[in-house]
Trainee: 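Take this structure first; my questions come after.
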Amino acid sequence: MREYNPKEIESRWQSEWKEKNSFGTGVKQGPKHYVLEMFPYPSGRIHMGHVRNYSIGDAIARFRRLQGFDVLHPMGWDAFGLPAENAAIKNKVHPAKWTRENIAYMREQLRKMGFSYDWAREVATCEPEYYRWEQQFFLDMYEKGLAYKKQSFVNWCPTCETVLANEQVEAGLCWRCDSPVQQRELEQWFLRITDYADELLADLEQLRGGWPERVLTMQHHWIGKSVGAEVQFEVEGSDKPLTVFTTRPDTLFGATFMSLAPEHSRVPELIAGRPEAADVLAFVDRVRSQDRIARTAEGGEKEGVFTGAYAINPVNGRRVPIWVANFVLADYGTGAVMAVPTHDQRDFEFATKYGLEKVVVIQPEGESLDPSSMKAAYDGPGKLVASGDFDGLNNEEAKWAIAEHLDKQGRGRKSITFRLRDWGISRQRYWGSPIPMIYCDECGTVPVPREQLPVRLPEQVEFTGEGGNPLARSEEFIHTTCPKCEGKARRETDTFDTFVESSWYFLRYCSAPNDQAAFVKEEVDRWAPVDQYIGGIEHAVMHLLYSRFFTKVLRDLGYVSIGEPFKRLLTQGMVIKDGAKMSKSKGNVVDPDALVQKYGADTARVFSLFAAPPEKDLDWSDRGVEGAYRFLNRTWNLIVSRLDAVKSAPALNAAELPADLRDVRRAVHKTLGKVEVDIGERYHFNTAIAAVMELVNTLSDDLNKRGELQGQAASVYREAFSFITAMLYPIAPHVTEELADLLGLEPLWKGAWPSVDAEAARDESIEIPVQVNGKLRGRVSMAPGTTKDEIERLAMEDEGVKTWVEGKQIVKVVVVPNRMVNIVVK
RNA sequence: GCCGGGGUGGCGAAACUGGCAGACGCGCCAGACUCAAAAUCUGGUUUCCGCAAGGAAGUAGGGGUUCGAUUCCCCUCCCCGGCACCA
């Protein structure tokens, strides 16, 4: 008998699939279905997280093809990014070469896993054929006012003279040279994602059901809509008021001072010529030199300094001192806060520390707050006091009453603020897509004309890790002519954030590799949106939010018809070993190559799907891998040992089978029904595999008793074996293709999911538990559909039950047909 | 601190709408095969009491709703992930 030889089988079927283009679109004629896994960063080698992610996606794609869908299942490379540049500095290898070699190696690794991708649509984001389109989108956005430039801060290493990413800052120091990192202000490009804040929030409702609830919640909080009011305070000695944002306009009468962010644009003017000026400047310098993380760390000391200036509370004319405080953020709200120490804990602490005035304006029911004895701020409900005409109002009503009052006076209005900020997309890096802009001394900022796209990255550059962006030192790149006046001009040397590339790649697959347009309308309309997206939970906010934003922008630009890119989302857990996430530094990585070498790709796939349901973390176990391998061997042996008998079996006559064969067939059809739901609806591959294992065990036991397979028994087994190949095909495609071939069946990549024969799956008799006072005391068997009265009678006659019921008073009998009986006695 | 997700045998897990807790796999124990081992096959395996039949306890801990709770509600503890003073 032939033995299971994964290496030989796998390479043969991988060649066959490639040769026949088995996974191109249009192979199946049914309705469209788009299955997508998050594309990898080409770091060098695939890791177990990839194996898991892509095994899940491949199982879904292959199952949908069996169901008759025309499936789009593409793969590509998120190929721009920091590690390529670091490798260039460290190993003197060009980022392009490094990246392309990594892609070639990893593509081969994925091919050896047998994933069913349509490689004809492969994209790599570092190629001009890809990034030219996002340069075009950027120009579109610029024209619509969605892309703009503004000053913002970056991490700057003064020794390396370069901008650092957040991950390159370790405890406030540069990761390369340990110099203290400074905050430097640069002009940078931004995309107006905040214009879409309301829609991004509202459309989360459409995704409910298809997306995990926790991801929706996280996005909800990230967008962070706050409803409140803007209030204008006149400033003594100035004709320009200061505006604050507050969610508590009801406490306005209790505002006793004001706090500004150190970066607030009015600070220099407020302190000009005052004795406090030097102290304020020193404070501002100190706070600004801290990195954001240190400044906002938990338990961080709340600090501030008085500016010497005063503002006027618009509702009661109170003079309120203006302070600068380290906890006020310049980029949230208006960068200025009205402080109400009695009803905001942070303001309470600040006022206590600096001896500032406290006034109670909300009194809770049945209590009387006194500022001098309060230990903490009171932020609950109550009635207004010391608030002029608003005294006695419930504080919730007062919010709107005061906001309206301010509106009438022209000193404020209802206002909504989002936590979401505009997306800064400028990076002072080489290995990214150039931003297609030109600076001319005469004409200012001029977009690159569309016919000149793509703006290509020059390949001749040096990587030293010092002196800023290598692109800025590339003479051939910087110098250009102004498209307007044809005078001398310079190119923008910043490149796009790599999140830009990953925000639209799923749409590009619909038309890749077309070089005439980013998308062909009919194609993108046919395939978008992605029906099932699969990836790590770590992308719950940024990548998924940016992709949703881009899709809406591309819709408004007329490129696509959809407003949401991903209909269903599956977030998979991490791969853990020895209680920690697999990582090189912990030394607990398992190399997929070695695994495939030893057991084959099918075993790696079975294990990664069997060990846990997709959304949970997966605990790696070498023993578990061997278990998966043994299961494939058992299945192989079961089928191959009976090949001759089942291949010569007569036609199946389902209506006239003896009881023992009806039992076998019932197990087969019941398993098929369960696997169909587990794979197709629940994505719980672990229980689907368990069900097939059970069936294999059942069939083995039956065959041991049965001996020779003859007549209708062989026919029943022929059906059983063909079902097993179909059920396992999404999970272990190579071995099942081989078995189907040995059984004389058509290749599974062309095949169809079998249908359950409801009659065959129907139970002839069922056994249900009988409880007495909730404790299991017996079991009774009956035909399905037996009446409640009859079930009760059978339960009462059961010997085990009788001993517990005799001599007691029966209070109640609960009968749930097909489930259980509970007899309540006293 | 806030938000989110969890806690079930020695281990990974299952129990989908409140209805037999522990399917399936791993490990372990015993047996078969073998000179022996590996591989494979067969049987057993939640804990406690009992030779057994059987009984009792049991899903982090405490309480509640219910004929019945791993599942629903309240409180407490622990673990993981995300965010970080959001006015």
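Just so we're on the same page: letters track the sequence lines, and every chain starts at 1. Computed from a prediction, not measured in an experiment: that's the story for all the values here.
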Trainee: The side chain of A/K616 is closest to which nucleotide in this list: B/G82, B/C86, B/A13?
Mentor: B/A13
Trainee: State whether A/N697 places a side-chain N or O below 4.0 Å from either non-bridging phosphate oxygen (OP1 or OP2) of B/A23.
Mentor: no
Trainee: Only pairs with both distances under 3.5 Å count, Watson-Crick or wobble alike; so what is the partner of B/G9 in this structure?
Mentor: none
Trainee: Using the C1' atom in both, what is the distance from B/C83 to B/C73, to the nearest Å?
Mentor: 29 Å
Trainee: Please work out if A/G627 contacts a base, only the sugar-phosphate, or nothing of the nucleic acid, heavy-atom cut-off 4.0 Å.
Mentor: sugar-phosphate
Trainee: Considering only side-chain heavy atoms of A/F610, which listed nucleotide, B/G12, B/C86, B/C85, is closest?
Mentor: B/G12
Trainee: Starting from the 5' end of RNA chain B, give me the residue, A/R623 or A/N686, whose nearest nucleotide shows up first.
Mentor: A/N686
Trainee: Would you classify A/D344 as touching base, sugar-phosphate or nothing, given that sugar-phosphate means primed atoms plus P, OP1 and OP2, and contacts are heavy atoms under 4.0 Å?
Mentor: nothing
Trainee: If the P atom of B/A23 is compared with that of B/C74, how far apart are they to the nearest Å?
Mentor: 32 Å
Trainee: Which nucleotide wins on minimum distance to the side chain of A/R346, given the candidates B/G25, B/C3, B/C86?
Mentor: B/C86
Trainee: Look at all strands and tell whether A/S621 reaches a base, only sugar-phosphate, or nothing, counting heavy atoms closer than 4.0 Å.
Mentor: nothing
Trainee: Within a reach of under 6.0 Å around CD of A/E767, are more than 12 heavy atoms found that belong to other residues, nucleotides or ligands?
Mentor: yes
Trainee: Out of A/Y629, A/Y599, A/F685, A/W620, which residue meets the ring pair (Phe, Tyr, Trp, His ring centres under 6.0 Å) rule with A/F607?
Mentor: A/W620
Trainee: Can you tell me, in whole Å, how much space there is between the P of B/G1 and that of B/G55?
Mentor: 48 Å
Trainee: What's the gap between B/G22 and B/C11 when it is taken at their C1' atoms, as a whole Å value?
Mentor: 13 Å
Trainee: Go ahead and name the base partner of B/C85; Watson-Crick or wobble counts if both distances stay under 3.5 Å, otherwise write none.
Mentor: none
Trainee: Is any NZ, NE, NH1 or NH2 atom of the basic residue among A/D198 and A/K225 found under 4.0 Å from an Asp or Glu carboxylate oxygen of the other?
Mentor: yes
Trainee: Could you please name the option among B/A87, B/G12, B/C24 that lies closest to any side-chain atom of A/E694?
Mentor: B/C24
Trainee: Rounding to an integer number of angstrom, what distance separates B/G64 and B/A69 when you compare their P atoms?
Mentor: 12 Å
Trainee: Between A/G535 and A/N53, what is the shortest heavy-atom contact and its length?
Mentor: CA-OD1, 3.8 Å
Trainee: Whether A/R214 contacts B/C83 is assessed here as follows: a side-chain N or O lying under 4.0 Å from the phosphate OP1 or OP2. Is that the case?
Mentor: no
Trainee: Does a salt bridge link A/D798 with A/R777, judged by any charged N lying under 4.0 Å from a carboxylate O?
Mentor: no
Trainee: With RNA chain B as reference, determine whether A/D678 or A/I768 sits nearer its 5' end, using the nearest nucleotide of each.
Mentor: A/D678
Trainee: Looking only at the side chain of A/R779 (C-beta and beyond, no hydrogens), which of the listed nucleotides B/C24, B/G27, B/C20 gets closest?
Mentor: B/C20
Trainee: Where does B/G9 fall, syn or anti, if syn means a chi angle no more than 90° from 0?
Mentor: syn
Trainee: In whole Å, I'd like the distance from the CH2 atom of A/W620 to the C1' atom of B/G12.
Mentor: 13 Å
Trainee: Give none if B/A56 has no partner; otherwise give the nucleotide forming a Watson-Crick or G-U wobble pair with it, both distances under 3.5 Å.
Mentor: B/U47
Trainee: Between A/E626 and A/R623, is the closest basic N to carboxylate O distance under 4.0 Å?
Mentor: no
Trainee: Is any side-chain nitrogen or oxygen of A/R419 closer than 4.0 Å to OP1 or OP2 of B/C86?
Mentor: no
Trainee: For the pair A/E396 and A/K399, find out whether any cationic side-chain nitrogen is under 4.0 Å from an anionic carboxylate oxygen.
Mentor: yes
Trainee: Counting only side-chain N and O atoms of A/T334, is one of them less than 4.0 Å from OP1 or OP2 of B/A87?
Mentor: no
Trainee: Of the options B/A13, B/C83, B/G25, whose atoms approach the side-chain atoms of A/M693 most closely?
Mentor: B/G25
Trainee: Once each nucleotide of nucleotides 41-58 of chain B is scored for protein heavy atoms under 4.0 Å, what B/S/- sequence comes out, 5' to 3'?
Mentor: S-------------SSS-
Trainee: Between B/A87, B/G68, B/G12, which nucleotide gets closest to the side-chain atoms of A/V337?
Mentor: B/A87
Trainee: The side chain of A/R682 is closest to which nucleotide in this list: B/C67, B/C3, B/A15?
Mentor: B/A15
Trainee: If you measure from the C1' atom in B/C29 to the same atom in B/G10, how many Å do you get, rounded?
Mentor: 13 Å
Trainee: When the P atoms of B/C49 and B/G44 are compared, how many Å lie between them, rounded to an integer?
Mentor: 22 Å
Trainee: To the side chain of A/A690, which of B/G68, B/C24, B/C3 is closest?
Mentor: B/C24
Trainee: May I ask which nucleotide in the shown strands pairs with B/G4, Watson-Crick or G-U wobble, both distances under 3.5 Å?
Mentor: B/C80
Trainee: So for atom CZ, which belongs to A/R793, do other residues, nucleotides or ligands contribute more than 12 heavy atoms lying within a distance under 6.0 Å?
Mentor: yes
Trainee: What distance, rounded to whole Å, do you find between the two C1' atoms, one in B/G63 and one in B/A56?
Mentor: 23 Å
Trainee: Any chance you could measure A/T217, atom OG1, to A/R214, atom CZ, to the nearest 0.5 Å?
Mentor: 10.0 Å
Trainee: Is B/U40 paired to anything, Watson-Crick or G-U wobble with both distances less than 3.5 Å, and if yes, which nucleotide?
Mentor: B/A32
Trainee: Looking across every strand, which nucleic acid part, if any, lies under 4.0 Å from A/E767 by heavy atom: base, sugar-phosphate, or nothing?
Mentor: base
Trainee: Kindly say whether, by distance alone, the side chain of A/R819 makes a donor-acceptor pair under 3.5 Å with the base of B/C20?
Mentor: no
Trainee: Start with the C-alpha distance between A/T671 and A/F723, add both sets of side-chain angles, then the distance that settles side-chain contact (heavy atoms from CB on, under 4.5 Å), and finish with yes or no.
Mentor: CA-CA 9 Å; A/T671 305; A/F723 281 19; over 6 Å; no
Trainee: Between A/R666 and A/D663, does any side-chain N to carboxylate O distance fall below 4.0 Å?
Mentor: yes
Trainee: If you look at every strand shown and take non-hydrogen atoms under 4.0 Å, does A/M820 touch a base, only sugar-phosphate, or nothing?
Mentor: base
Trainee: Among B/C85, B/C26, B/C67, which nucleotide sits nearest the side chain of A/N326?
Mentor: B/C85
Trainee: Contact class for A/V824 (heavy atom, under 4.0 Å): base, sugar-phosphate, or nothing?
Mentor: sugar-phosphate
Trainee: Between B/A87 atom C1' and A/I416 atom CD1, what is the distance in whole Å?
Mentor: 16 Å
